[in-house]
Amino acid sequence: MDALRVERPEIIARATETIGEMVALIERLASEDIAYKVDDGSWYFRIAKFPDYGKLSGKDLEGIEDGARVDVDEYEKDAKRDFALWKAVKPGEHAWDTPLGTGRPGWHIECSAMAMKHLGPSFDLHGGGEDLAFPHHENEIAQSECASHVPFARHWFHVRFLLVEGKKMSKSEGNFYTLRDLLLKGYRASAIRFLLVSVPYRHQMNFTFEGLTESANAIERLRTFARRVEAAGGTLALPAALNADLDALVAEKLTAYGAALDNDLNTAEARAAVFDVVRAANIALDHGTFGRGNIARVQKLLQALDAVFDVLTDRDADVSKAAVAWAKAEGRTDIAPDLLVSQSISDQEIEALIAERTDARKRRNFARGDAIRNELAEKGVLIEDGKAGVTWKRR
RNA sequence: GCACCGGUGGCGAAGUGGCUAACGCGCUGGUCUGCAAAACCAGUAUUCGUCGGUUCAAUCCCGACCCGGUGCUCCA
């Protein structure tokens, strides 16, 4: 999570710490004959008492009943679709002694109780994978709203599963990768983040290695641009006059950026607005028509981008180093050779070689200069000779 | 089998009943550079799964079919 710059949750709820709340919830449902106990001591939810059942997933209950298979445990229930709130203890299972009897909570009630405990009976957003909409979320709504008599989550979002190399991710397909696997293959954390964030959550995305490379390149473009704008601010060569046309464009794209995100988090459209500005501003910079007054709004857009995408600051080397250290400690051998090579040279060594190269080039000893450049390139360090001096970056 | 969602250039991926079908990457040629890199310019989908239909007009609406994802049984 930290490697991908995903914020940690304020609260991580535990079902085992919420048993009391679950029992109270079921008792409230029981008091209205919505929860009922069967002979083996389990409690079920009476779906017939909740006419809205199916409103989230758009399921037609009638159709489901028709096609439903009856399994051996269901003979006691009043209706086939009624779901378990509390399960009577079975030999060898962990169980709690409660007024409902000895047993353990059903899956769905855990989530309702935890959500209501921390957020109250009504809250704004409830998310989950697309596989959970039915029956889990549907059941959460039913039991929660029957107990509280107020709307449960005001909005639901379901993230679509991603495809990996065009197929569904599975261990048997051999396309199941952990974050560490990807880092050890030499892919950067920022590229992984950017790729995953760039496709709106509601769409199914095809996660590919080629896509990771593309994302890394796209990030480089953004970082290079951000550095260029930053550097321009320290240059006297910049015209004092504001480029009004450019400024108007940036303002327009800033609005478009926000509007795209407001539109159900359309991250693809949002980042497109930023790239539009990158191109326009680069052109102005190239033509010397980028004014000092243009810097502020462009940087505002970059900040807006980074507030969501969070890829401009390069922390990749540190993340990769940590992954390699972990892998070595674990005795793993599947570490990309390039990664080890690039980690074998320190920033100081790079700076020293670049200084030597600059010196050689001043004496027009280009052969020596190129040799150093090649040497660095082999270690994954790319050099750029700019007007303001030499800059470098790790690939 | 049934239900829901999707199928857009080499790849990733937005989008809309009619305006040049965004954006990123890649590729080709060019500008700049000692050479590179970066940046920029030009080119790169007469076309949006297939076949029909509705419409003055469809990638976008409707139907069928093909392909992919999820659910429909347990567990969480």
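Side chains included, hydrogens not; waters and symmetry mates left out as well; all remaining heavy atoms used. Note on naming: letters A, B, ... go to the chains in the order of the sequence lines (proteins, then strands), and numbering restarts at 1 for each one.
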Check: A:Ile141 main-chain N/O paired with A:Ser144 side-chain donor or acceptor under 3.5 Å: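 Between the backbone of A:Ile141 and the side chain of A:Ser144 there is no qualifying donor-acceptor contact (under 3.5 Å).
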Side-chain (A:Asp52) to main-chain (A:Lys55) donor-acceptor, under 3.5 angstrom: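 Here the side-chain-to-backbone pair does not exist.
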Heavy atoms only, 4.0 Å cut-off, all strands: where does [X] land among base, sugar-phosphate and nothing?
{"X": "A:Asp370", "answer": "base"}
{"X": "A:Arg104", "answer": "sugar-phosphate"}
{"X": "A:Phe366", "answer": "base"}
{"X": "A:Ile283", "answer": "sugar-phosphate"}
{"X": "A:Arg202", "answer": "nothing"}

Remaining members of the apolar cluster that contains [X], side-chain heavy atoms under 4.5 Å:
{"X": "A:Leu162", "result": "A:Met1, A:Leu4, A:Val6, A:Val164, A:Met169, A:Phe176, A:Tyr177, A:Leu179, A:Leu182, A:Leu183, A:Tyr187, A:Ile192, A:Leu195, A:Leu196, A:Val199, A:Met205, A:Phe207, A:Phe209, A:Leu212, A:Val319"}
{"X": "A:Val150", "result": "none"}
{"X": "A:Leu265", "result": "A:Leu125, A:Phe157, A:Val159, A:Tyr201"}

Pair [X] + [Y], salt bridge at N-O below 4.0 Å:
{"X": "A:Arg361", "Y": "A:Asp385", "answer": "yes"}
{"X": "A:Lys379", "Y": "A:Glu349", "answer": "no"}
{"X": "A:Asp318", "Y": "A:Arg315", "answer": "no"}

Residue-phosphate contact under 4.0 Å: A:Arg364 side-chain N/O, B:rC35 OP1/OP2: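 Checking B:rC35 against A:Arg364, no side-chain N or O comes under 4.0 Å of OP1 or OP2.
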Check ring pair (Phe, Tyr, Trp, His ring centres under 6.0 Å) between [X] and all other residues, then give those that pass, not counting sequence neighbours.
{"X": "A:His137", "answer": "A:His126, A:Trp156, A:His158"}
{"X": "A:His149", "answer": "none"}
{"X": "A:Phe309", "answer": "A:Phe194"}

Atom [atom1] of [X] and atom [atom2] of [N]: how far apart are they, to the nearest Å?
{"X": "A:Asp276", "N": "B:rG24", "atom1": "CG", "atom2": "P", "value": "7 Å"}
{"X": "A:Leu163", "N": "B:rC67", "atom1": "CG", "atom2": "C1'", "value": "12 Å"}
{"X": "A:Leu212", "N": "B:rG26", "atom1": "CG", "atom2": "P", "value": "14 Å"}
{"X": "A:Arg279", "N": "B:rA22", "atom1": "CZ", "atom2": "P", "value": "11 Å"}
{"X": "A:Arg368", "N": "B:rC35", "atom1": "CZ", "atom2": "P", "value": "21 Å"}
{"X": "A:His287", "N": "B:rC40", "atom1": "NE2", "atom2": "P", "value": "10 Å"}

Trace of the salt bridge (charged side-chain N to carboxylate O under 4.0 Å, His left out) decision for A:Arg332 with A:Asp181: CA-CA 10 Å; A:Arg332 282 179 63 154; A:Asp181 291 337; 2.8 Å; yes
Interface with RNA chain B, restricted to residues 165-177 of chain A and to heavy atoms under 4.0 Å: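 Contacting residues: A:Lys168.
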Proximity to RNA chain B (any heavy atom under 4.0 Å), residues of residues 240-257 of chain A only: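 Under 4.0 Å from RNA chain B: no residue of residues 240-257 of chain A.
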Atom of A:Pro200, atom of A:Asn266 and distance for their closest heavy-atom approach: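 Looking at all heavy atoms of both residues, the closest pair is CG-OD1, 3.7 Å.
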Sequence-aligned protein contact record of nucleotides 6-14 of chain B, with B where the base is within under 4.0 Å of a protein heavy atom and S where only the sugar-phosphate is: -----BSSS
A:Glu138 and A:Ser57: CA distance, side-chain angles, deciding distance, side-chain hydrogen bond (donor to acceptor under 3.5 Å, both in side chains) verdict: CA-CA 7 Å; A:Glu138 202 69 71; A:Ser57 54; 2.6 Å; yes
Which atom pairs link the protein and nucleotides 2-4 of chain B when you take only N or O atoms and keep those under 3.5 Å?
none

ring-ring contact (aromatic ring centres under 6.0 Å, His included) contacts touching residues 250-277 of chain A (sequence neighbours left out):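 For residues 250-277 of chain A, and leaving out neighbouring residues, there are no ring-ring contact (aromatic ring centres under 6.0 Å, His included) pairs at all.
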Nucleotide pairing, RNA chain B (Watson-Crick or G-U, distances under 3.5 Å), in dot-bracket with [ ] and |: (((((((..(((.....[....)))((((((.......))))))....(((((..]....))))))))))))....
